[in-house]
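Computed from a prediction, not measured in an experiment: that's the story for all the values here.
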Amino acid sequence: MSRGYDVLSVTVVNHGSSIITQNGSPENIREFTGPEAFDRILETKPFRIMVDASHPFSEAISGQAKKFCGDKHIPYIRFVREEVELPESPLLFPVYSWEEAAEKAVELGGTIFLTTGSYNLELFLKYARKNGKRLVVRVLPDHHVIEKVRALEVAPRDIVAMQGPFSKEMNRATFKMYNASVIVTKDSGKAGGTESKISAALSLRIPVVIIKRPRLNEKTAGVVNTYEQVLENILQLFDRI
């Protein structure tokens, strides 16, 4: 915007729309329902470059966006937060799938504190209930999310509805309050609060299951990790197109 380019943002969930609105984005479209949405947007709001800043775990959306840009010959930039460098600790258990995370969590503790929101909550509930474990879930205080959690028959005492990211002190207090014996988190990068969760858990000697990101070949995937790199790529592309 400050360089004189028009910016159009597209969000998938209400929470994303509200953040963009609060930060003064010039225009936001809240209509992404699948690959066909890109065609509709291009027809009404022609764009020349796409920056995919979706969550590091949004494989389906990113795959659709990249394919669309390839088919339409639109330059595509993938912005992904840098991964957290894990400290050496016997209490950290990196895994590479949601199912592996659920299996490891029930193995490690009696009260599982899930910090990954409502996504794949059904999987963790299945493993927890099958193994007689308590599952506490921290989710956004959004009524759609709460409705989903309650529909899955999670007890109110096991629902923590709060918006992060949280400080180490806040995480530590919450983990203690709910008597967590194992924490489950995604590697969402420093901006996503991963480091503060890990630090808080380790200070309490609580094991942490960390779901690592899908492995990307950054040389072929067009991945950049900083806002400066995004802007640099945009400026270079506008010089060519």
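- Taking each heavy atom of Lys148 and Ser118 in turn, the nearest pair found is NZ-O, 2.9 Å.
- Salt bridge status for Arg172 with Glu169: absent, with no side-chain N to carboxylate O gap under 4.0 Å.
- Once rounded to the nearest 0.5 Å, the distance linking CD1 of Ile183 with CD1 of Ile210 reads 11.0 Å.
- The aromatic rings of Trp98 and Phe124 lie perpendicular to each other, with more than 60° between the two planes, well past the 30° mark.
- Listed by chain and residue number, nothing satisfies the salt bridge (Lys or Arg N to Asp or Glu O under 4.0 Å) test with Glu228 (two or more places apart in sequence, or in another chain).
- When only modelled atom types and interatomic distance are considered, Asn179 and Thr111 share no side-chain donor-acceptor pair under 3.5 Å.
- The side-chain heavy atoms of Ile74 and Phe47, taken from C-beta on, include a pair separated by under 4.5 Å.
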Is there a side-chain contact (heavy atoms from CB on, under 4.5 Å) between Val80 and Arg78? Walk through the geometry before answering.
CA-CA 6 Å; Val80 181; Arg78 176 66 169 125; 3.7 Å; yes
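- To the nearest 0.5 angstrom, Glu85 atom CD is 9.0 Å from Glu195 atom CD.
- Within the 4.5 Å cutoff, the side chain of Ile112 has no heavy atoms near those of the Val136 side chain.
- In this view, Lys67 and Asp71 satisfy the side chain to side chain donor-acceptor pair (under 3.5 Å) rule, not counting sequence neighbours.
- Partners of Asp39 by side chain to side chain donor-acceptor pair (under 3.5 Å), not counting sequence neighbours, listed by chain and number: Lys72.
- The two residues Pro75 and Arg48 have their closest heavy-atom pair at CD-O, 3.2 Å.
- A 4.5 Å side-chain heavy-atom check between Ser89 and Leu202 finds at least one atom pair inside the cut-off.
- Side chains of Ile234 and Val230 form a contact here, defined as non-hydrogen atoms less than 4.5 Å apart.
- Closest approach of Ser62 and Tyr76 over heavy atoms only: O-OH, 3.7 Å.
- At a threshold of 4.5 Å between non-hydrogen side-chain atoms, the residues Val182 and Lys104 do not count as touching.
- Under the rule for a side chain to side chain donor-acceptor pair (under 3.5 Å), Asn120 has no partner lying at least two apart in sequence or in another chain.
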Mind running side-chain contact (heavy atoms from CB on, under 4.5 Å) on Met170 and Ser196 for me, showing each step along the way?
CA-CA 9 Å; Met170 186 65 180; Ser196 64; over 6 Å; no
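- Rounding to the nearest 0.5 Å places NZ of Lys197 at 11.5 Å from OG1 of Thr174.
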Pair Val160, Val139 - check side-chain contact (heavy atoms from CB on, under 4.5 Å), show working.
CA-CA 6 Å; Val160 184; Val139 295; over 6 Å; no
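- Proximity of Arg138 to Gln163: side-chain heavy atoms (C-beta onward) are nowhere separated by under 4.5 Å.
- More than 12 heavy atoms of other residues, nucleotides or ligands lie within 6.0 Å of CD in Glu122, so this atom counts as buried by the packing criterion.
- Residues Ala200 and Phe175 come closest through the heavy atom pair CB-CE1, 4.1 Å.
- No donor-acceptor distance shorter than 3.5 angstrom exists from the side chain of Asn131 to the backbone of Lys133, with no hydrogens or angles considered.
- In this structure Arg134 satisfies the salt bridge (Lys or Arg N to Asp or Glu O under 4.0 Å) test together with Asp158, sequence neighbours excluded.
- Of all heavy-atom pairs between Arg129 and Glu153, the closest is NH2-O, 3.2 Å.
- When side chains are defined from C-beta on, Thr115 does not count as touching Phe166, because their heavy atoms never get closer than 4.5 Å.
- The shortest non-hydrogen separation linking Glu103 to Val106 is O-CG2, 3.2 Å.
- Note that CD1 of Ile198 is 11.5 Å distant from CG of Leu91, once rounded to the nearest 0.5 Å.
- Note: Ser181 OG to Phe113 CZ = 11.5 Å, rounded to the nearest 0.5 Å.
- Neither side chain, Lys186 nor Thr116, offers a donor N or O lying under 3.5 Å from an acceptor on the other.
- In this structure a side-chain-to-backbone donor-acceptor pair under 3.5 Å is present from Gln229 to Thr226.
- A distance of 12.5 Å separates CZ of Phe79 from CG of Leu231, quoted to the nearest 0.5 Å.
- By the side chain to side chain donor-acceptor pair (under 3.5 Å) test, Ser97 is found to be paired with no residue, residues two or more places apart in sequence or in another chain being considered.
- Within the 4.5 Å cutoff, the side chain of Tyr127 has heavy atoms near those of the Glu99 side chain.
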Stepwise side-chain contact (heavy atoms from CB on, under 4.5 Å) test for Leu114 and Leu121:
CA-CA 9 Å; Leu114 189 66; Leu121 175 57; 3.8 Å; yes
